[in-house]
Amino acid sequence: MKKPVFVNEGIYHIYNRGVEKRTIFTDNADRFRFVHDLFEFNDVLPASNVRYHFTKLLEVEPPIIRKPRKLLVEVLAFCLMPNHYHIIARQRKQNGIVNFMQKIGTGYTMYFNQKYDRVGSLFQGRFKAVALDNESQLTYLPFYIHLNPLDLVLPTWKERGIKDYQKAMRFLENYRWSSFLDYIGKKNF
């Protein structure tokens with residue numbers, strides 16, 4: 001699939017999955033880390049590992065000093081599934097999508113490989129992206145992304161429909177690993 005030309009203020013559906021369709025989020029710590037990375041790596045400045053090195057050398061926690069952030073992208077929606085993720089993002093800076101996704105891909109892979117004592121690629125190639133060119137795509141896509149977790153509890157819902165809407169909504173309202181809760185006004189992270 002050919003990547004779109006990323007333009008400032010353009011909105012894109014970005015997604016990727018684990019190499020060989022492997023699980024990339026095995027527990028809540030992994031999911032928290034990726035959500036944290038969505039924040040931490042969304043800056044023109046490089047993510048700093050000073051806390052780790054400072055703590056290791058002096059065995060004390062340094063104070064957190066943050067410079068004003070210059071966001072690469074605006075994350076409009078996201079969803080984490082066991083073996084893949086979806087992000088809807090608006091590019092804010094030139095090359096923002098590419099730089100953001102390089103930071104996410106490298107940073108999360110390094111974390112995952114160290115935690116699980118593995119080496120090599122975690123994701124199935126480079127991230128995929130589709131430009132959202134019209135209003136109907138922008139209207140439909142957040143629904144698609146936020147309903148994705150239903151696959152975990154109702155694997156045939158797309159083919160057979162949803163018989164128990166209350167059960168489906170209860171599940172979605174308790175699934176922390178997407179921006180759905182933000183959309184319905186529930187504080188999540």
Side-chain angles (χ1 to χ4, degrees), residues 1 3 11-42 47 72-90 97-98 100-130 132 137-138 140-189:
M1 172 185 286
K3 284 215 186 323
I11 299 175
Y12 304 89
H13 175 205
I14 303 163
Y15 55 97
N16 208 346
R17 68 178 171 193
V19 68
E20 299 172 344
K21 301 180 185 178
R22 74 165 292 133
T23 298
I24 57 175
F25 305 111
T26 61
D27 59 22
N28 285 345
D30 294 346
R31 289 180 274 277
F32 270 119
R33 175 59 184 245
F34 195 87
V35 170
H36 169 267
D37 289 353
L38 289 174
F39 171 81
E40 187 66 35
F41 296 139
N42 191 8
L72 295 166
V73 302
E74 179 183 356
V75 176
L76 302 173
F78 73 91
C79 182
L80 309 183
M81 296 294 288
N83 72 343
H84 68 280
Y85 63 81
H86 296 273
I87 301 170
I88 300 175
R90 179 189 328 260
I97 298 279
V98 171
F100 178 62
M101 295 312 299
Q102 284 175 338
K103 288 180 177 187
I104 292 274
T106 301
Y108 185 76
T109 298
M110 288 175 62
Y111 154 81
F112 191 91
N113 284 353
Q114 183 177 22
K115 179 178 177 180
Y116 296 104
D117 194 27
R118 68 178 298 276
V119 295
S121 297
L122 177 61
F123 296 107
Q124 188 172 315
R126 296 184 63 192
F127 68 92
K128 283 62 167 180
V130 176
L132 302 185
Q137 289 175 309
L138 190 55
Y140 165 78
L141 194 58
F143 287 103
Y144 169 79
I145 288 174
H146 290 146
L147 291 174
N148 220 251
L150 287 180
D151 291 346
L152 300 172
V153 292
L154 303 168
T156 60
W157 75 273
K158 290 175 188 165
E159 299 83 26
R160 297 185 184 162
I162 298 172
K163 296 191 180 16
D164 186 346
Y165 288 100
Q166 289 180 340
K167 176 182 177 184
M169 282 308 297
R170 269 193 312 275
F171 178 76
L172 291 173
E173 288 173 354
N174 288 294
Y175 190 78
R176 293 197 65 194
W177 313 111
S178 84
S179 54
F180 177 68
L181 296 177
D182 298 311
Y183 273 74
I184 63 170
K186 285 188 170 185
K187 187 160 175 62
N188 194 11
F189 295 103

Non-hydrogen atoms of Cys79 and Tyr175 that approach each other most closely = SG-CE2, 4.4 Å
According to the salt bridge (charged side-chain N to carboxylate O under 4.0 Å, His left out) rule, which pairs have a member within residues 148-157, sequence neighbours left out?
-> Asp151-Lys158
Atom of Trp157, atom of Leu150 and distance for their closest heavy-atom approach | NE1-CB, 3.5 Å
Side-chain heavy-atom pair Asn42, Val73 within 4.5 angstrom cut-off = yes
With sequence neighbours excluded, tell me which residues meet salt bridge (Lys or Arg N to Asp or Glu O under 4.0 Å) with Arg90.
-> Glu74
For Thr23 and Thr26, which heavy atoms make the closest approach, and how far apart are they?
-> CG2-CG2, 3.8 Å
Ser179 side chain vs Phe78 backbone, donor-acceptor pair below 3.5 Å | yes
Does the side chain of Leu172 reach to within under 4.5 Å of the side chain of Pro149, using non-hydrogen atoms?
-> yes
Spatial distance of atom CD1 (Ile104) from atom CG (Asn16) [nearest 0.5 Å] = 12.0 Å
Any residue meeting side chain to side chain contact (heavy atoms under 4.5 Å, CB included) with Gln166, in chain and number order, not counting sequence neighbours | Asp164, Arg170
Does the ring centre of Phe100 sit less than 6.0 Å away from the ring centre of Phe127?
-> no
Pairwise distance CD1(Ile24) to NE2(His84) - rounded to 0.5 angstrom = 8.5 Å
Solution key, residues 181-189 side-chain donor-acceptor pairs under 3.5 Å, sequence neighbours excluded:
{"residue": "Tyr183", "atom": "OH", "partner": "Leu76", "partner atom": "O", "Å": "2.8"}
{"residue": "Asn188", "atom": "OD1", "partner": "Arg176", "partner atom": "NE", "Å": "2.9"}
{"residue": "Asn188", "atom": "OD1", "partner": "Arg176", "partner atom": "NH2", "Å": "3.4"}
{"residue": "Asn188", "atom": "ND2", "partner": "Arg176", "partner atom": "O", "Å": "2.8"}

Tell me, please, which residues at least two apart from Tyr116 pass ring pair (Phe, Tyr, Trp, His ring centres under 6.0 Å).
-> Phe112
Heavy atoms of other groups near Arg160 CZ, more than 12 under 6.0 Å | no
Partners of Arg33 by salt bridge (Lys or Arg N to Asp or Glu O under 4.0 Å), sequence neighbours excluded?
-> Asp37
Contacts of Asp27 that satisfy salt bridge (Lys or Arg N to Asp or Glu O under 4.0 Å) - sequence neighbours left out = Lys115
Find out whether Phe41 and Leu72 are in side-chain contact, i.e. whether some heavy atom of one side chain is under 4.5 Å from a heavy atom of the other.
-> no
Quick one: sort the His86 and Tyr15 rings into parallel, tilted or perpendicular, breaks at 30° and 60°.
-> tilted
Any side-chain heavy atom of Ile145 within less than 4.5 Å of one from Ser178?
-> no
Go through the structure and list residues passing ring pair (Phe, Tyr, Trp, His ring centres under 6.0 Å) with Phe25, not counting sequence neighbours.
-> Phe34, Tyr108
Partners passing side chain to side chain contact (heavy atoms under 4.5 Å, CB included) against Asn83 (at least two apart in sequence or in another chain) | Lys21
Are any of the side-chain heavy atoms of Leu141 and Val130 separated by less than 4.5 Å?
-> no
Rounded to the nearest 0.5 Å, how far does CG of Leu154 lie from OG1 of Thr156?
-> 7.0 Å
Who pairs with Leu138 by side chain to side chain contact (heavy atoms under 4.5 Å, CB included), at least two apart in sequence or on another chain?
-> Ile11, Leu132
Met110 meets the side chain to side chain contact (heavy atoms under 4.5 Å, CB included) criterion, sequence neighbours left out, with Thr106
Heavy-atom side-chain proximity of Trp177 to Asn28 below 4.5 angstrom | yes
Rounded to the nearest 0.5 angstrom, the CZ-CZ distance for Arg22 and Arg17 is 13.5 Å
What are the two closest heavy atoms between Ala89 and Ile97, and how far apart are they?
-> CB-CD1, 4.0 Å
Please walk me through it: do Phe180 and Leu147 pass side-chain contact (heavy atoms from CB on, under 4.5 Å)?
-> CA-CA 9 Å; Phe180 177 68; Leu147 291 174; over 6 Å; no
Apply salt bridge (Lys or Arg N to Asp or Glu O under 4.0 Å) to Lys167 and list each qualifying residue two or more places apart in sequence or on a separate chain.
-> none
